[in-house]
Amino acid sequence: MTLYFGDIFPYLPIMLEALWVSIYVTALSFVVGSFLGLFIYLARASRFRALRWFGRGYVEVIRNTPLLVQLYLIYFGLGQVGINFNPLWSVLIGMSLNNAAYTAEIFRAGINAVPNGLREAGRALGMRYDQTFRHVVLMPGIRNVLPALTNQFIILFLFSSIGSVISLDELTAVLENLNSQTLRTFEIFTIGALLYFLTSAAIAYGARAIEKVAFKW
Amino acid sequence: MIISVEGLHKKYGQLEVLKGIDCTVTQSEVLCIIGPSGSGKSTFLRCLNFLETFNVGTVTICGHDLTKSKTNLNLVRRDVGMVFQSFNVFPHKTVIENIMLAPMKVTKVSKAEARTRGMALLEKVGLTDKADVYPRTLSGGQMQRVAIARALAMEPKVMLFDEPTSALDPETVGEVLGVMKKLAEEGMTMVVVTHEMGFAREVSDRVMFMDGGVVVEEGTPAELFGAPQHERTKAFLSKMI
């Protein structure tokens with residue numbers, strides 16, 4: 001058996017285009033999901049029992065069901081009751097909701113790790129609870145969570161490949177198509193894997209660079 | 001009367017850590033609280049600005065009655081500065097930003113005004129050259145002086161010090177005590193929980209010895225250090241000096 005990587009190169013632009021879809025779907029759901037996650041965390045840390053239960057329940061349900069099943073529910077399940085989303089929207093919604101649960105837990109761990117003395121110092125100066133949170137706790141908390149958030153971003157990026165099962169034209173879906181066209185299975189998926197790997201590595205590298213610039217303290 | 005405490009009781013579950021404390025502090029008075037670890041002195045101090053809740057008793061501070069549910073704690077705390085054992089300077093803010101934060105957010109002082117006032121406070125604690133550095137580059141003594149300046153920025157009527165030198169290297173203890181002494185001389189009302197007997201003896205107007213959640217004995221430094229009345233006080237002081 002001989003490998004013909006040369007045969008694959010003409011398809012590289014298509015792959016890169018699909019990679020771009022993977023990246024922006026991930027970035028968009030990460031931003032929206034992390035924002036939601038912050039609110040889920042705040043609900044979990046709330047004074048109100050109902051909110052705490054909601055936050056807790058949300059996190060548990062999402063974390064204990066597969067993303068694939070969540071995606072089927074949104075795309076096919078909701079379709080059955082007359083709520084139709086196209087593949088792109090389904091993936092965006094599914095990944096955002098999924099990411100929210102994980103980032104909520106990341107925020108919780110990071111914020112809880114901020115020394116309580118800082119909170120007390122803020123309150124003792126006469127700042128309200130919300131002011132203390134915003135001006136005193138938040139930044140050290142973000143610094144604590146950044147490595148875990150980077151990790152979560154990469155995991156989400158790799159999980160975006162399941163968009164292929166509902167025919168979103170992201171990288172994996174396009175790889176499958178090219179595979180059935182050319183039957184160069186090994187070559188195509190090797191290059192595909194390499195594209196995923198390089199992108200993930202670039203994200204990790206970029207995050208470390210941001211950390212260095214943003215946290216001079 | 002700046003501070004007036006009556007019958008203060010505090011329980012952690014079954015454990016009663018404060019068993020009825022009475023205490024008054026007048027304008028410009030410096031009260032030092034001494035006693036062994038676990039005697040409840042820090043807990044008592046933290047009750048004075050309600051960082052710690054209590055079960056029974058009344059605390060009135062700068063005219064605010066802490067037992068009334070209508071009392072706005074944030075207003076109380078504007079009048080009551082606090083300095084902690086672990087400094088608690090904000091790591092993500094420069095020295096001057098640490099000091100400017102509360103005046104800008106709480107009393108809505110303009111940025112320029114807050115900076116001017118902050119620089120004056122830094123001069124007072126001898127750290128003008130550190131205004132724009134981040135706290136991680138500072139020594140413990142320097143951090144604690146920043147924390148003192150930060151508390152003073154709210155122009156409090158009372159300053160509470162919770163073992164301010166206990167986490168410091170012996171060499172830097174002096175610079176913090178020096179700042180506190182200057183503050184006392186300027187007429188600041190101060191309550192200081194401390195293990196620094198030299199400071200208590202020299203600077204305070206009154207010393208309170210606590211043990212097992214009660215005030216065992218109090219008096220002027222001369223009375224308490226010179227002629228302690230209770231066996232427990234004598235035993236404690238003989239170990240300290």
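Remember, it's a predicted structure, so these values are computed and weren't measured experimentally.
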Next item on the list: Write down the atom of A/A121, the atom of B/F90, and the distance for their closest heavy-atom approach.
Entry: CB-CE2, 4.0 Å

Check: If you take all heavy atoms of A/G117 and B/N88, which pair is closest and at what distance?
Finding: O-ND2, 3.1 Å

Item checked: Proximal component of B/F84, with respect to chain A [non-hydrogen, under 4.5 Å] -> side chain

Notebook entry, point to check: Do A/H135 and B/K105 come within less than 4.5 Å of each other through their side chains, counting heavy atoms only?
Noted result: yes

Note to self: Need one label for B/R46: side chain, backbone, both or neither, based on atoms under 4.5 Å from any heavy atom in chain A.
What the structure shows: side chain

Notebook entry, point to check: Does atom NZ of B/K11 have more than 12 heavy-atom neighbours, drawn from other residues, nucleotides or ligands, at distances under 6.0 Å?
Noted result: no

Check: With sequence neighbours excluded, what pairs up with B/H64 under the ring-ring contact (aromatic ring centres under 6.0 Å, His included) test?
Finding: none

Margin query: Against B/N74, only a single residue in A/R123, A/Q131, A/M127 fulfils side-chain contact (heavy atoms from CB on, under 4.5 Å); can you say which?
Written below: A/R123

Notebook entry, point to check: If you take all heavy atoms of A/L125 and B/A102, which pair is closest and at what distance?
Noted result: CB-CB, 3.8 Å

Notebook entry, point to check: Is the number of heavy atoms from other residues, nucleotides or ligands under 6.0 Å of B/E123 CD greater than 12?
Noted result: no

Notebook entry, point to check: Nearest heavy-atom pair of A/W217 and B/P91: which atoms, and what distance?
Noted result: CB-O, 3.2 Å

Item checked: Contact class of B/V76 relative to chain A, heavy atoms under 4.5 angstrom -> neither

